Number of protein chains: 2
Amino acid sequence: MARNVEFNEEEAIQKAMEVFWEKGYNGTSLRDLTDAMKINSSSLYNTIGDKSELYLRCITHYTDLRKKDLQQRMSSKKPAFEILVEYINDAIKVITDGRNGCMAIKAAFEVGANNKKVKAILKNDSEYADQFLTSLIKKAMDEGHLSDEEDPKLIADYFISTWTGWYESYIIHKDADKIRKMGQYFIRQISK
Amino acid sequence: MARNVEFNEEEAIQKAMEVFWEKGYNGTSLRDLTDAMKINSSSLYNTIGDKSELYLRCITHYTDLRKKDLQQRMSSKKPAFEILVEYINDAIKVITDGRNGCMAIKAAFEVGANNKKVKAILKNDSEYADQFLTSLIKKAMDEGHLSDEEDPKLIADYFISTWTGWYESYIIHKDADKIRKMGQYFIRQISK
DNA sequence: AGTTTTTTGAAACAATCATTTCAGAATTAC
DNA sequence: GTAATTCTGAAATGATTGTTTCAAAAAACT
């Protein structure tokens, strides 16, 4: 009957995500997007939709990638405490790699407050990470590697918050050592 | 010889700041600004300059306000630990008041990474807060109200980071109780 | 191969963007 | 009061914004 879409949608979303990630929603023009995606705007509007719909697809893609990472970590057979420390150290590495920071955090501050759909995606993402951490912390307590004085959920919430601040700190100070020290402090605190 | 500027520059900056605070740099148009400031764009360009210069004036104004608040707190005669706890609780109140969040944090994530001048202002602001907290924590340790096992500077850095995350958490979850619990946890941790 | 349906590319769209222009109003100094 | 100077308001600037249009090209089906 008819023709198929020529471009690879997932690749295009990936490219668009990278642009939004760097420049933010309002800082990105449609030309920026179509240039990166290597498609014409008519194709974009024909398949994905307008700028805001594309943006939603992009943060969804971003949070999906993160979800997959967490799932992989959960399937590990190592002691929970080890997985936890590894996760924290990897988080620090990502921050101090000096890339574009975390797209979800940037989105939260730029559009999250005024956009229900974006907020819902971010909330979902945050809750998934929260569950991952909570169950990990709980397991580490059961295995005797972590003090069980505090509520695992509270510590999970707390880590996620702290982690966000590390991104801001690194943007402003570019001091990787500062982040590492805070990471060590956090692990020290939850251990005792 | 000639005429004077008709509008009150400080009031105009204040109004512009509120708009930038809510909508961000890229989300704010020049019409938004001149409407709020109640001046013509020609007057704006004649006195303050273009959009980016106005923005710099606005975050400077914002950080100046914060500086004044810290100076007031420092002049208090109360025990350092008390000032510290008060500061933390006030911070939590501001967050859970549900306004526009913190302009400095929003600025850091939206433009800080790509704008040297903005970054410099934010760095200055952050260092001032850091010094305030560090000296306060140190004093509280000397006064025997705080464990002196850890480096005061580290705890100060750590609090600033955590605090940033509380803003994000509140944007996404609007859960004031969650923030309060994290605040209590923080105070508990540094006390023992 | 021919018909049908859909995608694509380039151009056009009105709206809005930040910024500038300039004549006239306003104010100061003499 | 007059002259000099600067500020203000409204309009115009060209560039860029997100989005749409439409003819031609491309594929899938019979």
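Heavy-atom basis, side chains included; hydrogens, waters and symmetry copies ignored. Just so it is clear, the model here is predicted, and its values are computed rather than measured. Letters go in sequence order (proteins before strands), and every chain restarts at 1.
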Ordered by number, residues from residues 108-116 of chain A within less than 4.0 Å of DNA chain D (heavy atoms) are none

Can you tell me the distance, in whole Å, between the CD atom of A:Glu9 and the C1' atom of C:dT8?
15 Å

Quick one: are A:Trp163 and A:Phe186 in side-chain contact, heavy atoms under 4.5 Å?
no

Taking B:Lys181 first and then B:Asp177, would you say they form a salt bridge - that is, a charged N and a carboxylate O separated by under 4.0 Å?
yes

So what's the dot-bracket for DNA chain C: Watson-Crick or G-U pairs under 3.5 Å, [ ] if a pair crosses, | if it pairs off-strand?
||||||||||||.||||.||||||||||||

So which pairs with a foot in residues 47-56 of chain B pass side chain to side chain donor-acceptor pair (under 3.5 Å), sequence neighbours left out?
B:Asp50-B:Ser52

Just how far, in rounded Å, is P of C:dT16 from CG of B:Asp32?
12 Å

Residues touching DNA chain C, which here means a heavy atom under 4.0 Å, drawn from residues 43-53 of chain A:
A:Ser43, A:Asn46

Using distance only, find each side-chain donor-acceptor pair of residues 92-108 of chain B under 3.5 Å and give its atom names and separation, not counting sequence neighbours.
| from | atom 1 | to | atom 2 | distance (Å) |
| --- | --- | --- | --- | --- |
| B:Thr96 | OG1 | B:Ile92 | O | 2.9 |
| B:Thr96 | OG1 | B:Lys93 | O | 3.4 |
| B:Lys106 | NZ | B:Trp21 | O | 3.0 |
| B:Lys106 | NZ | B:Glu22 | O | 3.3 |

What is the distance from CG of B:Leu33 to P of C:dT16, rounded to the nearest Å?
17 Å

Donor-acceptor contacts under 3.5 Å from residues 26-33 of chain A side chains, at least two apart:
| from | atom 1 | to | atom 2 | distance (Å) |
| --- | --- | --- | --- | --- |
| A:Asn26 | ND2 | A:Glu110 | OE2 | 3.2 |
| A:Thr28 | OG1 | A:Gly24 | O | 2.6 |
| A:Ser29 | OG | A:Arg31 | N | 3.4 |
| A:Ser29 | OG | A:Asp32 | N | 3.1 |
| A:Ser29 | OG | A:Asp32 | OD2 | 3.2 |
| A:Asp32 | OD2 | A:Ser29 | N | 3.0 |

Salt-bridge criterion met for B:Asp157 and B:Lys153 (N-O under 4.0 Å):
yes

May I ask you to say what B:Thr34 touches in the nucleic acid, namely base, sugar-phosphate or nothing, with a heavy-atom cut-off under 4.0 Å?
nothing

Taking the six-membered ring for Trp, are the ring centroids of B:Phe109 and A:Tyr167 within less than 6.0 Å of each other?
no

Table of protein N/O atoms under 3.5 Å from nucleotides 12-15 of chain D N/O atoms:
none

Expected list for residues 70-79 of chain A: side-chain donor-acceptor pairs under 3.5 angstrom, two or more places apart:
| from | atom 1 | to | atom 2 | distance (Å) |
| --- | --- | --- | --- | --- |
| A:Gln71 | NE2 | A:Tyr128 | OH | 3.2 |
| A:Arg73 | NE | A:Asp69 | OD1 | 3.4 |
| A:Arg73 | NE | A:Asp69 | OD2 | 3.0 |
| A:Arg73 | NH1 | A:Asp90 | OD2 | 3.1 |
| A:Arg73 | NH2 | A:Asp90 | OD2 | 3.0 |
| A:Ser75 | OG | A:Gln72 | O | 2.7 |
| A:Ser76 | OG | A:Lys78 | N | 3.2 |
| A:Lys78 | NZ | A:Glu86 | OE2 | 2.9 |

Between B:Leu30 and A:Phe7, whichever has its closest DNA chain C nucleotide further toward 5' is A:Phe7

B:Ile39 CD1 - C:dT19 C1' separation (whole Å)
14 Å

Taking side-chain contact (heavy atoms from CB on, under 4.5 Å) as the definition, give me every residue that meets it alongside A:Ala113, ordered by chain and number, with sequence neighbours left out.
B:Ile171

Hey, is A:Lys38 close enough to A:Glu11 for a salt bridge, meaning N to O under 4.0 Å?
no

Counting only side-chain nitrogens and oxygens, does B:Ser29 get under 4.0 Å of the OP1 or OP2 atom of C:dC17?
yes

Near DNA chain C, counting only heavy atoms under 4.0 Å, which residues of residues 13-27 of chain A show up?
none

A:Ser126 side chain to A:Leu122 main-chain N or O, any donor-acceptor pair under 3.5 Å?
no

Integer-rounded Å distance: C:dT8 P and A:Lys38 NZ
16 Å

What pairs with A:Asp35 under side-chain contact (heavy atoms from CB on, under 4.5 Å), at least two apart in sequence or on another chain?
none

Establish whether the base of C:dT20 is bridged to the side chain of B:Ser42 by a donor-acceptor pair shorter than 3.5 Å.
no

Give me the ring orientation class for A:Tyr185 and B:Tyr158: parallel if the planes are under 30° apart, tilted from 30 to 60°, perpendicular past 60°.
perpendicular

Can you pull the salt bridge (charged side-chain N to carboxylate O under 4.0 Å, His left out) pairs that have at least one residue in residues 116-127 of chain B, sequence neighbours excluded?
B:Arg66-B:Asp125

Under 3.5 Å, is there a donor-acceptor pair between the side chain of A:Ser43 and the main chain of A:Ile39?
no

Length of the line joining A:Asn40:CG and C:dT6:P, which is rounded to integer Å:
19 Å

Check for a donor-acceptor pair, side chain of B:Ser191 on one end and backbone N or O of B:Ile187 on the other, with a separation under 3.5 Å.
yes

